Protein chains: 2
Amino acid sequence: MTLTNNSKRRKELVSIAARLFCEQGYERTTVRMLADAMGIKSGSLFHHFNDKQEILCAVIQDGMESALEIADQALEGEADPKRRFMALAKAHLSTLLNDRNAHVVALYEWRSLTDSSLGVLIDMRDRYEQLWQQVIDDCAAVGLLHGDQPLIRRFALGALNWTVQWYDAGGEKTPDDLAQALGELIGLS
Amino acid sequence: MTLTNNSKRRKELVSIAARLFCEQGYERTTVRMLADAMGIKSGSLFHHFNDKQEILCAVIQDGMESALEIADQALEGEADPKRRFMALAKAHLSTLLNDRNAHVVALYEWRSLTDSSLGVLIDMRDRYEQLWQQVIDDCAAVGLLHGDQPLIRRFALGALNWTVQWYDAGGEKTPDDLAQALGELIGLS
DNA sequence: CCAAAAACCAAGCAAGCGCTAGATTTAATA
DNA sequence: TATTAAATCTAGCGCTTGCTTGGTTTTTGG
């Protein structure tokens with residue numbers, strides 16, 4: 001048993017756990033359900049993770065890492081404030097809806113984390129929000145947005161995160177369409 | 001033991017349950033914790049409710065009922081589309097943040113409901129969303145809002161519901177301030 | 001003031017929970 | 001092929017869970 005193992009097998013297991021946690025919630029998902037879905041016995045799970053809560057932490061961490069990566073990537077080489085906002089919004093919806101399981105878990109199950117796990121994740125969340133804040137501040141600086149800027153960030157992220165509640169991946173709208181619509185709604189089209 | 005009892009005592013118990021469910025989540029809250037907080041023994045709980053899940057259902061139902069009441073009340077006698085939108089937004093934030101426990105539970109714990117409980121609650125949610133849709137459609141009809149109208153409803157409700165994640169009741173901003181800010185953000189100030 | 005109903009308690013059951021320990025199999029390395 | 005390490009299984013422990021049962025206290029209404 002190793003600590004914070006990053007093997008490929010572990011990544012697979014985390015992805016399966018994300019699906020179950022997303023579908024039924026962390027607390028309702030038992031280690032036996034997880035093990036079944038992974039094709040192993042429940043005891044074997046604890047070779048890869050020290051305890052159940054560490055699986056939850058891994059799910060959320062994986063989701064946040066990819067969100068940060070994609071956001072950084074989207075902003076790279078983009079200078080115009082309006083285009084930066086749209087790029088960030090598109091990136092956000094893209095991860096949120098493609099890597100949906102992990103993000104639903106991150107949004108809904110963080111209360112089940114212990115304080116020690118929370119520390120790392122809060123840092124990542126803060127970095128991510130700061131990315132957004134910077135982009136919104138830049139828009140405000142050139143007169144594209146008006147009003148309390150942290151509040152705008154919260155409204156925007158709220159609107160975007162809520163999409164996991166209703167978005168139908170089989171529908172006609174793409175994540176980019178949604179980002180476009182949000183831009184238009186707040187006068188940034 | 002009665003079915004769907006509506007006694008005053010039951011209302012108290014539901015309100016206490018709302019607090020615990022909000023603080024720690026439904027699944028992590030045991031019937032013993034509930035009973036302790038209510039000042040009774042765990043067995044006595046099942047005199048008022050048939051099972052634990054019925055408590056959750058009651059919490060959410062109470063929250064939705066008061067939300068619907070307050071929304072109806074806010075729209076009464078208001079004709080101007082823009083003013084109707086603002087009234088609805090203010091009403092929404094007012095219930096959401098005053099009756100916070102129940103609404104956090106409604107937003108975060110509905111997955112723990114059984115199908116039979118879900119039916120009633122989904123009806124109420126649909127009625128509530130239709131209220132919003134009508135107001136937004138009216139705004140669009142007079143040219144105050146542009147774009148996909150159901151999408152606007154979802155963005156708006158997402159932004160508003162997300163406030164439970166960060167709003168500080170002891171802060172300087174009132175729910176009405178927030179509604180005002182949202183109105184300005186989408187060009188409805 | 002007394003009977004009926006409502007609210008509650010004491011005790012505990014059966015099932016399921018997270019997790020552990022030790023043995024065994026599979027895979028990697030030299 | 002021999003040695004080691006990683007991954008899995010078997011079996012189950014100790015505890016908590018939601019809930020039940022049968023009896024007691026409290027409240028209510030005529």
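Order of the sequence lines fixes the chain letters, A, B, ..., with proteins taken first and strands second; residue numbering starts at 1 for each chain. The shown structure was predicted, so the numbers you read here are calculated from the model rather than taken from an experiment.
Judged by closest nucleotide on DNA chain C, B/Gly43 is the one of A/Thr30 and B/Gly43 placed further toward the 5' end. Ranked by how close their nearest DNA chain C nucleotide is to the 5' end, A/Val31 and B/Gly39 are led by B/Gly39.
Between A/Ser44 and D/dC9, a side-chain N or O to OP1/OP2 separation shorter than 4.0 Å is present. Taking side-chain N and O atoms only, B/Arg9 has a distance below 4.0 Å to OP1 or OP2 of C/dC8. A close approach under 4.0 Å does not occur between any side-chain nitrogen or oxygen of B/His47 and OP1 or OP2 of C/dC8. Within the 4.0 Å cut-off from OP1 or OP2 of D/dT8, at least one side-chain nitrogen or oxygen of A/His48 is found.
Side chain of A/Tyr167 to backbone of A/Lys173: a donor-acceptor contact under 3.5 angstrom is found.
Helix bend of the helix from C/dC1-D/dG30 to C/dA30-D/dT1: the angle between its two end axes, each built from five pairs, comes to 30° after rounding to 10°.
Atom C1' of nucleotide D/dT16 and atom CD of B/Gln24 are separated by 15 Å, given to the nearest angstrom. The distance from atom CD of A/Gln53 to atom P of C/dG18 is 13 Å, rounded to the nearest whole Å. Residue A/Asn50 contributes atom CG, which lies 13 Å from atom P of C/dA21 at whole-angstrom precision. If you take CZ of B/Arg28 and C1' of D/dG18, they are 17 Å apart, rounded to a whole angstrom. B/Lys8 places its NZ atom 14 Å from the P atom of D/dT27, with the value rounded to the nearest Å. Taking atom CD of residue A/Glu27 and atom P of nucleotide C/dG16, one finds them 18 Å apart after rounding to whole Å. What separates CD of B/Glu54 from C1' of D/dC19 is a distance of 13 Å, to the nearest Å. One can place CZ of A/Phe49 at 11 Å from P of D/dT8, the figure rounded to the nearest angstrom.
Side chain to side chain, A/Thr114 and A/Gln53 meet the donor-acceptor criterion of an N or O pair below 3.5 Å.
One finds no salt bridge joining B/Lys8 and B/Glu12 here, because no Lys/Arg side-chain nitrogen approaches an Asp/Glu carboxylate oxygen to under 4.0 Å. Ion pairing between B/Glu54 and B/Arg10 holds under the 4.0 Å rule for side-chain N and carboxylate O.
Residue-level contact check: B/Lys41 touches the backbone only, with heavy atoms under 4.0 Å from sugar-phosphate atoms and none from bases.
Aromatic ring centres of A/Phe85 and A/Trp132 lie closer together than 6.0 Å.
Annotation for A/Gln130: atom CD does not count as buried by contact number, only 12 or fewer foreign heavy atoms lying within 6.0 Å.
The base of D/dG18 is paired with the side chain of B/Arg32 by a donor and an acceptor separated by under 3.5 Å.
At least one test fails for B/Lys52 against the ring of B/Phe46: distance under 6.0 Å to the centre or angle within 45° of the axis.
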